[in-house]
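Below: one structure, written as structure tokens.
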Number of protein chains: 2
Amino acid sequence: MQTFNATHTSRIPTAIALRGTANMPQRPQPAASGVRRTFGRGEEIFAEGERCSVFFKVVSGTVRTGKLLADGRRQIDTFHFPGDVFGLESGETHRFTAEAVDKVVVIAYRRSNFSGLVQNDPAFGEQLMISMLSSLDRAHDHMVLLGRKSAVEKMATFLLEIAARRANGDRAELPMQRTDIADHLGLTIETVSRTLTQMVRDGLIRLADAGRTVILEDKAGLRLLCA
Amino acid sequence: MQTFNATHTSRIPTAIALRGTANMPQRPQPAASGVRRTFGRGEEIFAEGERCSVFFKVVSGTVRTGKLLADGRRQIDTFHFPGDVFGLESGETHRFTAEAVDKVVVIAYRRSNFSGLVQNDPAFGEQLMISMLSSLDRAHDHMVLLGRKSAVEKMATFLLEIAARRANGDRAELPMQRTDIADHLGLTIETVSRTLTQMVRDGLIRLADAGRTVILEDKAGLRLLCA
DNA sequence: CGTCTAGTTGATGCTTCTCAATCGAAGTGG
DNA sequence: CCACTTCGATTGAGAAGCATCAACTAGACG
């Protein structure tokens, strides 16, 4: 329930603290204060190919970013939780789509060009860089998952990651629906479902809240399954 | 056969031109001139978990970067060709392994902290940032491939990408072996081989140079297969 | 000329997908 | 307040794609 403002502390490396971008003499501030916006469940925040003039930081809710193939197949790169920044691009257009998983509040920051940004506030530039490298890092981990892990291994990895990112120790709250999980892990919705019920049978997890919360009964066992 | 030097022109967005980092008054130059190093086929350039004090730029040859699971399964993130930069990290240790695919010449640049680097040469910092965003971009594309594409679609995408990156229009020269391709595309070596021979039967490609060169006979057809 | 490594090809099986039915929870309207 | 609809999730049966295991081929090298 963090609906206050943008200086919300960030828990994961991708998040960028936007403090310290305040004092710049000549140019206008690139991303100091932003505009608050709200999106309903399933609403599109921006689409692949769209021109990008702003980037976003999640205040509350969950955002999914990903790509679509021509025939409708979908790959969800990441889920963004409160504190996370998304929508930064190297070019003039967005290379992926962002949608609200549930009710989402974001802050939109004006995106000036990087030269200006970095020149005016090198520390901010460095933070962006580190954030980018962390994203790249996680992208690489996800590639291992997509390319080389089995369904069970994918699910185990996902559950532990969600639990860790949202700092709820031994439970993973899943605001996204099964379809989203499937498209994130490179599986079908049926396999996601089957894998979860099998994990319940094996005593690894317990489902609550109509399947929206996964209680990690045996974290050690899950960790073994991550490969 | 480009074995001359580091100012070799880069063809793909990830590449960073390191010119223009020459004049800085107070601090020592962060990454202006580097040390030339050579690696033999299969040799390790750095390993996952190793401390990283330098990052690299390919002068000639091909480098593969990737990760290993405990049981030996491997995922190759990317192949790096002349002009490409690799080995930049946000933390103190390398998060992936880099190995020489064939005989490789690289230049190693001292890695100072980013603040210093960016402050001393904002333009260089911006270039690094753009390079990073491009890598992220390609990582996302590769996730779609790994998570949602079939074997044929993966091969077609790969061949076209290699041909485009190495700027050899209608032929893809493959310095890496089948195992590397398999571990890059999330397939087995057998499936890679079978897919290629099937493509030959379908008149899409032709193999030359003992299978090391793939001539793209029907680029339009291949493009259709990319999905 | 034998050995070694990389690649190809074949037969078989397993994991995951596909198609389809069912279930359950959350509305919605009579 | 209760059928009715709807949407998401689960479960089942069968199919398919790719992996696995194994044999074989072709260069490369001493």
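Keep in mind the model is a prediction, meaning the values are calculated, not measured.
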Original post:
Axis-to-axis angle across the helix from C/dC1-D/dG30 to C/dG30-D/dC1, five pairs an end, to 10 degrees?
Top reply: 20°
Original post:
Is the shortest heavy-atom distance from the side chain of B/Asp183 to the side chain of A/Arg148 under 4.5 Å?
Top reply: yes
Subject >> Atom-pair distance (CG on A/Leu174; P on D/dG8), nearest Å >> reply: 16 Å
Subject >> Between NZ on residue B/Lys67 and CG on residue B/Leu69, distance to nearest 0.5 Å >> reply: 9.5 Å
**OP:** Would you indicate what B/Arg41 reaches in the nucleic acid, counting non-hydrogen atoms under 4.0 angstrom: base, sugar-phosphate, or nothing?
**Re:** sugar-phosphate
Subject >> Set of salt bridge (Lys or Arg N to Asp or Glu O under 4.0 Å) partners for B/Arg201, sequence neighbours left out >> reply: none
Name every donor-acceptor pair, under 3.5 Å, that has one atom in a side chain of residues 206-213 of chain B and the other anywhere in the protein, sequence neighbours excluded.
from     : atom 1 : to       : atom 2 : distance (Å)
B/Arg206 : NE     : B/Glu217 : OE2    : 2.2
B/Arg206 : NH2    : B/Glu217 : OE2    : 3.3
B/Arg212 : NH1    : B/Pro175 : O      : 3.0

**OP:** Kindly assign one of parallel, tilted or perpendicular to the pair A/His140 and B/Phe96, based on the angle between their ring planes and the thresholds 30° and 60°.
**Re:** perpendicular
Subject >> Test item: A/Thr97 and A/Leu68 side chains (from C-beta on) under 4.5 Å apart, heavy atoms >> reply: no
Subject >> From A/Thr157 atom OG1 to A/Leu185 atom CG, the distance as rounded to the nearest 0.5 Å >> reply: 8.5 Å
**OP:** Check every nucleotide of DNA chain C for an atom under 4.0 Å from a heavy-atom of chain A, then give the first and the last such nucleotide from 5' to 3'.
**Re:** C/dT16 to C/dA20
Original post:
What string of B, S and - do you get for nucleotides 16-30 of chain D 5' to 3' if you count protein non-hydrogen atoms under 4.0 Å?
Top reply: --SSBBB--------
**OP:** Using side chain to side chain contact (heavy atoms under 4.5 Å, CB included) as the criterion, point out the one residue from A/Val85, A/Val105, A/Val63 that pairs with A/Val58.
**Re:** A/Val63
N/O donor to acceptor pairs below 3.5 angstrom from side-chain atoms of residues 37-45 of chain B, sequence neighbours left out:
from    : atom 1 : to       : atom 2 : distance (Å)
B/Arg41 : NH2    : B/Gln177 : OE1    : 3.4
B/Glu43 : OE1    : B/Gly40  : N      : 2.6

Subject >> Salt bridge A/Asp77-A/Arg95, side-chain N to carboxylate O under 4.0 Å >> reply: no
Original post:
Rounded to whole angstrom units, what separation is found between the CG atom of A/Asp102 and the C1' atom of D/dG8?
Top reply: 16 Å
